[in-house]
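Below is one structure, written out as C-alpha cells; comments come after it.
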Number of protein chains: 2
Amino acid sequence: MASTLNETADRTIARPSGLSEEVYRRVRADIMSLKIPPDTRVSVDSLARELGVSQTPIREALSMLEANGLVSKRHFAGYATSPRMDRAQLDELFEFRLLIEPHAARKAAEAMADADKRALSSGETAPSHEAFADMDTEFHRLIAQGAGNHLIADSLARLHIHVHIFRACFRSEITEEAVHEHDAIIAAIHARDGGKAEAAMRRHIERSYGRLRDFIKD
Amino acid sequence: MASTLNETADRTIARPSGLSEEVYRRVRADIMSLKIPPDTRVSVDSLARELGVSQTPIREALSMLEANGLVSKRHFAGYATSPRMDRAQLDELFEFRLLIEPHAARKAAEAMADADKRALSSGETAPSHEAFADMDTEFHRLIAQGAGNHLIADSLARLHIHVHIFRACFRSEITEEAVHEHDAIIAAIHARDGGKAEAAMRRHIERSYGRLRDFIKD
DNA sequence: AAATCAAATATCCTATAGGATTTAAGAAAC
DNA sequence: GTTTCTTAAATCCTATAGGATATTTGATTT
C-alpha cells in the first residue's frame, strides 16, 4: 500500500520539469527576495558553479527571465537584473492594474468557484507581517484565476512580481489598511456582488498606489 | 574593390545584436507566416543545421518563444508550436483586448504625438490585401504606443501575434469593413476626441471578434 | 486481425574545452 | 591631474561527446 503510494509519487517526481525550469524558479526567487538586487550583473559562469549545473540550463533560464522583463542582456556583456522601477514605470504599472483587476474582481464575484472562494478567505486569516507580500500575491492571483481568463491571470502574475520587488526594496510593511481593503473585496465576492467587488478592488489598487508612490521622489 | 566590399560586410556583421535574437526573430516570423504550422514539432538539431548555427542560440531563442507562448516544451520530448486557438482562447483574448485597447485609443486621442498621428494615417493609405495583417498589426501597435504605456504596448503586441496566426490559418481577408472601422478611429484621434476614439475602438474589436468567431465551430 | 511488448532510432539534455569579443583596470605620456 | 594605450579578466559563442528519455517500428501472442 505504501509502496503503491510511493510508486505513484515516484512517477510524478520522475517527471522533473527540467533543470532549466528549476534554475528559472531559483533565480526568480533570488531576484524577488533581493538576494540579487536590482541593476546587478548576473554571471552565467558564477551561477553554473553555484548551482552545480552546466551553462546550458542557466542560459535557458536567463532567456526566459529576459522575456519576462526581470533581467536584460547586452551582447558580449552578460546579463543584469532590471533596475528598480522609477516613478514613470510605477505609474504605468498601476494604470495597467486599474484596467485589469477591477474587471477581474467583478467576474470573480459573478463566477468564482466555491473552492476558490474558501481559499480566498482562509489565506487571509493568517497575515503574518513578514509574509504579507506572499499573501498579497496569492490574494490577487486567486481573484485573477477566478475571473476565468488565463491571459488576465498571467499578465497580473508578471506585474505582481515587479510590485513585489518594488515593495521589498523599501521594506514596506503597511499591512493594516491593505488587509481591510482585502476584506471588503472578499465580502463583495462572497455576496456575489460584482459591482461592489469591482469598486472595492479599484479603491484598493488606488490606495495601494498612493502608499507605494510615497517612496519615490524623482 | 572586393576587399572594400568585404570590409563593409564584415563591419555590419561584426555588430550582430546576438545570434539568439536573430534566431528568435527568424523562428517567430516562420511561425507567424505558418511556415511552421501550429501544433508542430520543432527540432533543435534541425533548426541548428538549417540556420547554420550551434544549438545554444537555438535553445535561447526557443526559451524566449516559450516565455511568449508561441511554443511549448515537454521534458525530453522537445519543443512544439502551440496549437491553434480554440473558441475559449479566442473569447479570452478578445475579452482582454476589450479591456485594454479602448482605453489605449482614448489616451492616444488625448496625448498622441503629431508624428505618430501622421504615421497612423499614412499607413492606412495603402491597404494591399495580402499585407492587411501587417497593416492591422501596425495600426494597433501605433495606437498602443500612442497611449504612452509600455506595458500596454507590449501586452498587445504579444496578443496580436496570436490574432495574426489565427487569421492566417483561415486566410481571412475581410479587409473592407475593418478599414472603415479603422478610419473612424483615426478620425476620432485626429479630432482629439477621446470618448469617440474609445467607442470606435470598442466597436472595431467587437466586430472583429464577430468576424473571426465565425471560423470556429467547437 | 488487434493488441501487447521489446528493441531501435531520433531527440533532447548535460558537460567540458577552446576561440572570439567586450569591458575594465593599470601604467605611461602629456 | 587628465588622457590614452596596453594588458588582463570576464563573458559570450561555438563545437563535440556521452547519457537519458520519448517515440516509433516490428514481432509475437491472443
Side-chain angles (χ1 to χ4, degrees), chain A residues 7-28 30-31 36-67 70-83, chain B residues 6-27 30-31 36-67 70-83:
Chain A
E7 269 189 8
T8 359
D10 282 346
R11 272 198 169 177
T12 49
I13 296 178
R15 205 141 213 255
S17 54
L19 273 186
S20 307
E21 193 76 16
E22 209 67 28
V23 174
Y24 171 81
R25 270 193 253 272
R26 169 66 176 272
V27 176
R28 186 181 62 180
D30 286 351
I31 293 177
I36 306 177
D39 210 7
T40 303
R41 308 263 322 241
V42 177
S43 159
V44 175
D45 286 336
S46 308
L47 267 181
R49 276 191 297 270
E50 177 185 348
L51 302 183
V53 299
S54 83
Q55 292 189 0
T56 306
I58 305 284
R59 290 180 177 286
E60 293 184 351
L62 288 175
S63 292
M64 291 189 281
L65 289 168
E66 185 189 17
L70 274 78
V71 305
S72 60
K73 183 177 80 162
R74 274 189 348 194
H75 194 44
F76 282 117
Y79 291 89
T81 50
S82 303
Chain B
N6 281 342
E7 268 190 12
T8 354
D10 282 346
R11 271 200 173 182
T12 49
I13 296 178
R15 202 150 218 266
S17 60
L19 274 187
S20 308
E21 194 76 16
E22 209 68 29
V23 174
Y24 172 81
R25 271 193 256 271
R26 169 69 176 272
V27 176
D30 286 351
I31 293 176
I36 306 178
D39 211 7
T40 303
R41 305 257 330 238
V42 177
S43 160
V44 175
D45 286 337
S46 307
L47 268 181
R49 276 191 297 270
E50 178 186 348
L51 302 183
V53 299
S54 85
Q55 293 189 358
T56 305
I58 305 285
R59 289 180 178 285
E60 291 183 352
L62 288 176
S63 292
M64 292 190 281
L65 289 169
E66 185 190 17
L70 275 78
V71 304
S72 59
K73 183 176 78 161
R74 275 187 347 194
H75 195 43
F76 283 115
Y79 290 89
T81 51
S82 303

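Heavy-atom basis, side chains included; hydrogens, waters and symmetry copies ignored. The model shown is predicted, which means the values in this text are computed figures rather than measured ones. Below, chains carry the letters A, B, ... as their sequence lines are ordered, and counting in each starts from 1.
Across C:dT14, D:dC13, C:dA15, the shortest atom-to-atom separation from the side chain of A:Arg59 is found for D:dC13. Comparing D:dT11, C:dC13, C:dA15 by their nearest atom to the side chain of A:Val53 picks out C:dA15. Distances were taken from every side-chain heavy atom of A:Gln55 (C-beta onward) to each of D:dT23, D:dC13, C:dC13; the shortest belongs to D:dC13.
The side-chain contact (heavy atoms from CB on, under 4.5 Å) test with B:Tyr79 singles out one residue from B:Leu62, B:Leu70, B:Leu65, and that residue is B:Leu62.
Using a 4.0 Å cut-off, some side-chain N or O of A:Ser43 falls inside it from OP1 or OP2 of D:dT11. The side chain of B:Thr56 places no N or O atom within less than 4.0 Å of a non-bridging phosphate oxygen (OP1 or OP2) of D:dA15. Within the 4.0 Å cut-off from OP1 or OP2 of C:dA15, at least one side-chain nitrogen or oxygen of A:Ser54 is found.
Atom CZ in B:Arg49 sits about 10 Å away from atom C1' in C:dT11, given to the nearest Å. The interatomic distance linking A:Ile58 (CD1) with D:dT11 (P) rounds to 13 Å, in whole Å. Atom CG in A:Leu51 sits roughly 11 Å away from atom P in C:dA15 (whole-Å rounding). In this entry the distance linking CG of B:Leu62 with P of C:dC12 reads 9 Å, nearest Å. Spacing between atom CD of A:Glu21 and atom P of C:dC12 amounts to 18 Å, rounded to whole angstrom units. Regarding A:Asp45, its CG atom lies at a distance of 9 Å from the C1' atom of D:dC12, rounded to whole Å.
B:Val71 is listed as a side-chain neighbour of B:Ile31, based on a closest heavy-atom distance under 4.5 Å. Put simply, the side chain of B:Glu50 reaches to within 4.5 Å of the side chain of B:Leu47, judged on heavy atoms.
Salt bridge status for B:Asp30 with B:Arg26: present, with a side-chain N to carboxylate O gap under 4.0 Å.
Put simply, the side chain of B:Thr40 never gets that close to the backbone of B:Thr81: no donor and acceptor are under 3.5 Å apart.
Judged by closest nucleotide on DNA chain D, A:Val44 is the one of A:Val44 and B:Arg41 placed further toward the 5' end. Mapping A:Glu60 and A:Arg74 onto DNA chain C by nearest heavy atom places A:Glu60 closer to the 5' end of the strand.
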